[in-house]
Amino acid sequence: MSESTRSDAERIRTLLRTESEEIKENTRLFNAARYDAVETVGAETHERYRTQAREIKEESIDRLPELLDRTRRAVEENGGTVYVADDAADANRYIRTVLAEKDADSVVKSKSMTTEEIDLNESLEANGCGVWETDLGEFVIQVAEESPSHIVGPSLHKSREEITALFEREFDPEEPLDSAQKLTAFAREFLGERIDEADIGITGANFVMAESGSIALVTNEGNARKCASIPDTHVAVAGIEKIIPSVAELEPFAELISRSATGQDIPQYLSLLTPPVETPTIDFDRAEEPEFGGNDADRDFHLVLIDNGRRAMRQDEELRETLYCIRCGACANSCANFQSVGGHAFGGETYTGGIATGWEAGIEGLDVAEEFNDLCTGCSRCVNACPVKIDIPWINTVVRDRINRGKDPGFEDLLVDGLVPDEEESGTPLRKRFFGNFETAAKIGSATAPLSNLVASSGVARKAMESTVGIDARRDLPTFERTTLRKWARSRDTHVEDPLRRVVLYPDVYTNYVQTARGKAAVRVLEALGCEVVVPDVGGSGRAPLSQGMIATAEGKARSVAESLLFYLEDGYDVVVIEPSDLAMFRREYEKLLPAAAHERIDEGSYEILEFVYGLLENGADIAALPDGDGNGVAYHSHCQQRTLGLESYTETVLERLGYDVLTSDVECCGMAGSFGYKSEYYELSMDVGETLATQFEPVENERTVVASGTSCMEQLDSLLTAESRHPIELLDPVDR
Amino acid sequence: MSAGSVQQFQESLSRLDTPSTVVTPEEFETELAEIIEPPAVGAELAFDGHSLSGLPVTLGPSPSQLREATTGVTGSRLSIASLGTVVVESSTDGDEFVALYPEFHVVVVKESEIRSTLSEAFEWLRSEFAAGRQSFVLATGPSSTGDMGALVQGVHGPERVHIVIVRDDE
């Protein structure tokens, strides 16, 4: 294990011990509430808002220069000031100028990630200004001198007991603060005084409306309203990407933001403010005079819009989508890894969770993104969670690719060149190249089996693998089959009379070299249902290199796969895929890797194996050709990418029709996605994520057959449970009939 | 624009644990006086025919009165039945402060101004924005937080909210 890997492993282990429990509970609560809220509003309606929101963001970022001008004019017409800051230093300098003009030495703030991004508090405090965060989560973080662990719930890694201990230590209150109510009452009192006395209130802005120069603030506590209206001067700080054309475009976001963040239909307070507001100012120095102290002070408003890398992101084809982000945190909540380690591992200097890679790469740089980028396994669970449909896994892949390219070529590269026949520039880390070229290893492993398996499992080899490519010695390795699926299929003598369909069974790398049993079962099932089946000589989909951020290699693989499959598709064949991550590749990622026409043809002509079996049964195939389930129990774990594609129910339905009693796991992920669980620094994390699945299946594993759709899910289940798992297609195999 | 129903509005409010009272225009003053817990401050209602001037409510309060008030009374020119949402407008009467400082916020709404959905409320907002009235807070239930280890009401804003729905004139 290399030094940096060791320190990553240590850091993750520490967070699993200290913060994991709270983060797990809180993010899962948010996530469950989001599912419920979406169900209540209706999936179709929710989808319509997502489509609208996406279109509005696309248009707004496209028209950004014009909308910036419009915003400036509108705010100035209202009597406010707009300042567009190039970077953090520029923004901080401007805000300090505003403070100096007002002779201000006290600031109250409402939660704003953008001010975290520019380290505004440090800048103001260094200038002798008192700054208080008024959002209770931010307040806790400020008192604890920590950084936020989540975009929405900055302190959700802290338990009530920890906050009590912290407040009692820092504030020495007269009464113990041993309940959430007492803590809240204390904070309200303490911060209420700070707000009343403050010279300036600083808020963020969730949305800026160009036409009227208004801002929208989303809060539950009411602190943003107080910060914006009690001090005479209000400074709102936001990234330039927050601009939308007008209040008319706010509607889908008002519907989506809280639902996606915390599962609320609407936040407690959705403020649409067009400052300076008409609310009179309060003069607490004249506490007994009517009309709020009879104050006639003028209100002053400054809108500070921050670039800090955003205009460059706008020009960057691949990072541009990051600017559509509305900071709801749904990507973090839906992410199994985030649920286990939180934003202190899965995050950068400011932003956390899936979208953090895009943000940190854009505003801080690749080196910051690199620290946590590998925690995205590309499982795609966040794709459907994102209210603006950002392809977060793709952004993570692109950034990973750029990080790879920035590496110095290492000595080991030369040593293993033959093992890594990829398209990557030298510099891509050896370990990534090893995982990215798994197909080559599998080819060699299979050709030399069973010797290769024997050697690979020896202690010496495992130690070597751990030190060179970081494969954790605790993890069982796949066993290569000497006879590949393709070889087996070629040597068979079969003929289906008058086929119902003609099928190309895609031999993914695992099915071809390792899990040949599921491939053989698939061929027999399809034939039994009246299909003619061919298993062509076609290579890996490119999933393995893509997971490692090796986009050029993945693209090469995609082209080669497309060439083979298109030939069959043109000839009227259907493509059937066993491995869900490969099907997801065909349907989702090939859009980025192939010409549009080729992607569309492959997308529409490809099916997941049980989806296809379902289709056959619906179209006249005889279910009696398959073995009966006889009421036996099945414990089924679907695959993350399969769920993103909405394919989980086909397997359940087919198994139920065969007479099985199906129990489906309802956990987000098994924690193994791709090569993740093999990597030494992530081994503990992958087991921690897997624990929820183990908890659900352990009690039933003796009375139910455990089945899983994905290779990596099966591997994870095998390491979590005593019983061995199978692919669902194996239950349909007519040889068992 | 379809009118939302009083019944739907009340159902949403009860999901938010927010009590509501339906009154006729004639009952308005006596019922409101019952609900208000003194000392009370208020911002004058922005609709015709109803005023807080005859009630035990201090309009245009001093900073001390604002801080010490138990109840704050404001009107709302728009409500959303499906969400239990009311609107606080930023006005020279200081609605924003009256709605935020006291622990108990009493909101007066008119039956005819209840809309059914957020989408209909946005139609209204768009027309208000076009007319130059451009600062509103859509408030739903009391202020709350989950950041202190449990869901707690009354963080920076009110702990309790009571909605008084005034029936339309027959």
Side-chain angles (χ1 to χ4, degrees), chain A residues 26 134-137 140 153-156 159-161 163 179-181 183-184 187-188 191-192 195-196 211-212 214 220-223 225-226 229-230 246-248 250-251 254-255 262 265-275 277-280 282-284 286-293, chain B residues 12 16 43 58-67 80 82-85 87-97 99-101 118-119 121-123 125-126 128-130 132-159:
Chain A
N26 287 317
T134 62
D135 171 90
L136 296 202
V140 168
S155 68
L156 58 68
S159 68
R160 203 271 298 157
E161 289 75 14
I163 303 172
S179 72
Q181 281 75 15
L183 282 169
T184 305
R188 176 179 53 207
L191 294 170
I195 297 172
D196 286 353
E211 190 181 284
S212 56
S214 318
N220 285 331
E221 297 182 1
N223 59 313
R225 299 169 61 194
K226 283 193 158 171
S229 63
I230 295 173
S246 76
V247 69
L250 184 64
E251 190 184 328
E255 287 279 359
T262 54
D265 291 327
I266 189 167
Q268 252 81 11
Y269 301 116
L270 173 62
S271 304
L272 314 184
L273 304 177
T274 309
V277 290
E278 288 192 27
T279 301
I282 310 186
D283 190 347
F284 287 106
R286 294 149 77 181
E288 306 309 322
E289 284 187 35
E291 303 296 334
F292 306 99
Chain B
S12 301
L16 299 165
T58 306
L59 300 174
S62 70
S64 296
Q65 286 169 320
L66 181 68
R67 273 174 167 159
I80 306 171
S82 59
L83 297 169
T85 303
V87 162
V88 176
E89 187 168 358
S90 176
S91 85
T92 50
D93 287 318
D95 300 52
E96 177 81 342
F97 297 145
L100 265 176
Y101 271 88
L118 183 62
S119 185
F122 261 92
E123 275 183 48
L125 281 169
R126 284 198 292 271
E128 287 291 305
F129 266 66
R133 291 182 292 271
Q134 300 178 331
S135 290
F136 301 93
V137 179
L138 276 62
T140 309
S143 75
S144 76
T145 184
D147 287 340
M148 291 290 146
L151 193 67
V152 180
Q153 320 273 302
V155 191
H156 293 280
E159 202 177 316

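Naming: A, B, ... by sequence-line order, numbering from 1 per chain.
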- Is there a donor-acceptor pair closer than 3.5 Å between any side-chain N or O of B/His156 and the backbone N or O of A/Asp135? no
- Part of A/Leu191 within contact of chain B (heavy atom distance under 4.5 Å): side chain
- Query: Where on B/Glu89 is there a heavy atom nearer than 4.5 Å to chain A: the side chain, the backbone, both, or neither?
  - Reply: neither
- Any donor-acceptor pair under 3.5 Å from B/Gln153 side chain to B/Pro142 backbone: no
- Item | Residue, of B/Asp95, B/Leu100, B/Leu151, B/Thr145, that accumulates the most heavy atom pairs under 4.5 Å with chain A | B/Leu100
- Note on the structure: Applying a strict 4.5 Å limit to non-hydrogen atoms, the region of A/Glu161 in contact with chain B is neither
- Query: Going through the checks in order, is the side chain to side chain contact (heavy atoms under 4.5 Å, CB included) test met by B/Phe129 and A/Thr274?
  - Reply: CA-CA 10 Å; B/Phe129 266 66; A/Thr274 309; 4.2 Å; yes
- Query: Looking just at side-chain N and O atoms, do A/Tyr269 and A/Asn223 make a donor-acceptor pair shorter than 3.5 Å?
  - Reply: no
- Task: Give, for atom CD1 of A/Ile230 and atom CD1 of A/Ile282, the distance between the pair rounded to the nearest 0.5 Å.
- Result: 5.5 Å
- A/Leu250 versus chain B, heavy atoms under 4.5 Å apart: side chain, backbone, both or neither? both
- Message: I'd like to know if the side chain of A/Lys226 reaches the main chain of A/Ile195, judged simply by a donor and an acceptor atom lying under 3.5 Å from each other, with no hydrogens or angles considered.
- Response: no
- Who wins among A/Asp265, A/Val247, A/Leu273 for the most heavy-atom pairs under 4.5 Å with chain B? A/Val247
- Message: According to side-chain hydrogen bond (donor to acceptor under 3.5 Å, both in side chains), who are the partners of A/Thr184, at least two apart in sequence or on a separate chain?
- Response: none
- Query: Between B/Gly60, B/Ser144, B/Ala150, which has the largest tally of heavy atom pairs under 4.5 Å with chain A?
  - Reply: B/Ser144
- Note on the structure: So, the part of B/Ser119 with a heavy atom under 4.5 Å from chain A: the answer is both
- Using a distance-only test with no angle check, is there a side-chain donor-acceptor pair under 3.5 angstrom linking B/Ser90 and A/Glu278? no
- Item | Under 3.5 Å: donor-acceptor pair, side chain of B/Thr85, backbone of B/Ile80 | no
- Would you mind checking which part of B/Asp93 comes under 4.5 Å of any heavy atom in chain A, side chain (CB onward), backbone (N, CA, C, O), both or neither? backbone
- Task: Examine whether an atom of B/Val87 lies under 4.5 Å from a heavy atom of chain A, and if so say whether it belongs to the side chain, the backbone or both; otherwise answer neither.
- Result: neither
- Message: Report which part of B/Ser91 has an atom under 4.5 Å of a heavy atom belonging to chain A: side chain, backbone, both, or neither.
- Response: backbone
- Item | Contacts of B/Gln65 that satisfy side-chain hydrogen bond (donor to acceptor under 3.5 Å, both in side chains) - sequence neighbours left out | B/Ser62
- Query: Tell me, side chain or backbone of B/Leu66 under 4.5 Å from chain A's heavy atoms, or both, or neither?
  - Reply: side chain
- Using non-hydrogen atoms and a 4.5 Å limit, figure out which bit of A/Val140 sits close to chain B: side chain, backbone, both or neither. side chain
- Message: Counting only non-hydrogen atoms closer than 4.5 Å, does A/Asp283 touch chain B with its backbone (N, CA, C, O), its side chain (CB onward), both, or neither?
- Response: backbone
- Exam field: side chain A/Thr279 to backbone B/Gly94, donor-acceptor pair closer than 3.5 Å: no
- Query: What part of A/Leu156 gets closer than 4.5 Å to chain B, counting heavy atoms only: side chain, backbone, both or neither?
  - Reply: neither
- Item | Whether B/Ser143 side chain and B/Gly157 backbone form a donor-acceptor pair below 3.5 Å | yes
- Message: Between A/Thr262 and chain B, with a heavy-atom cut-off of 4.5 Å, which part of the residue counts as in contact: side chain, backbone, both or neither?
- Response: neither
- Task: Mind ranking B/Ala139, B/Pro61, B/Gly149, B/Gly141 by heavy-atom pairs under 4.5 Å with chain A and telling me who comes out on top?
- Result: B/Pro61
- Item | chain B contact via A/Ser229 - which portion, at a heavy-atom distance below 4.5 Å | both
- Message: If you count heavy-atom pairs within less than 4.5 Å of chain B, which of A/Glu291, A/Glu221, A/Arg188, A/Glu255 leads?
- Response: A/Glu221
- Query: Is chain B contacted by the side chain of A/Glu288, its backbone, both, or neither, given a heavy-atom distance below 4.5 Å?
  - Reply: both
- Message: So for B/Val152, is it side chain, backbone, both, or neither that comes closer than 4.5 Å to the heavy atoms of chain A?
- Response: side chain
- By a 4.5 Å heavy-atom criterion (distance strictly below it), what part of B/Pro158 contacts chain A: side chain, backbone, both, or neither? both
- Query: Looking only at heavy atoms, what is the nearest atom pair of B/Thr140 and B/Leu83, with distance?
  - Reply: CG2-O, 3.5 Å
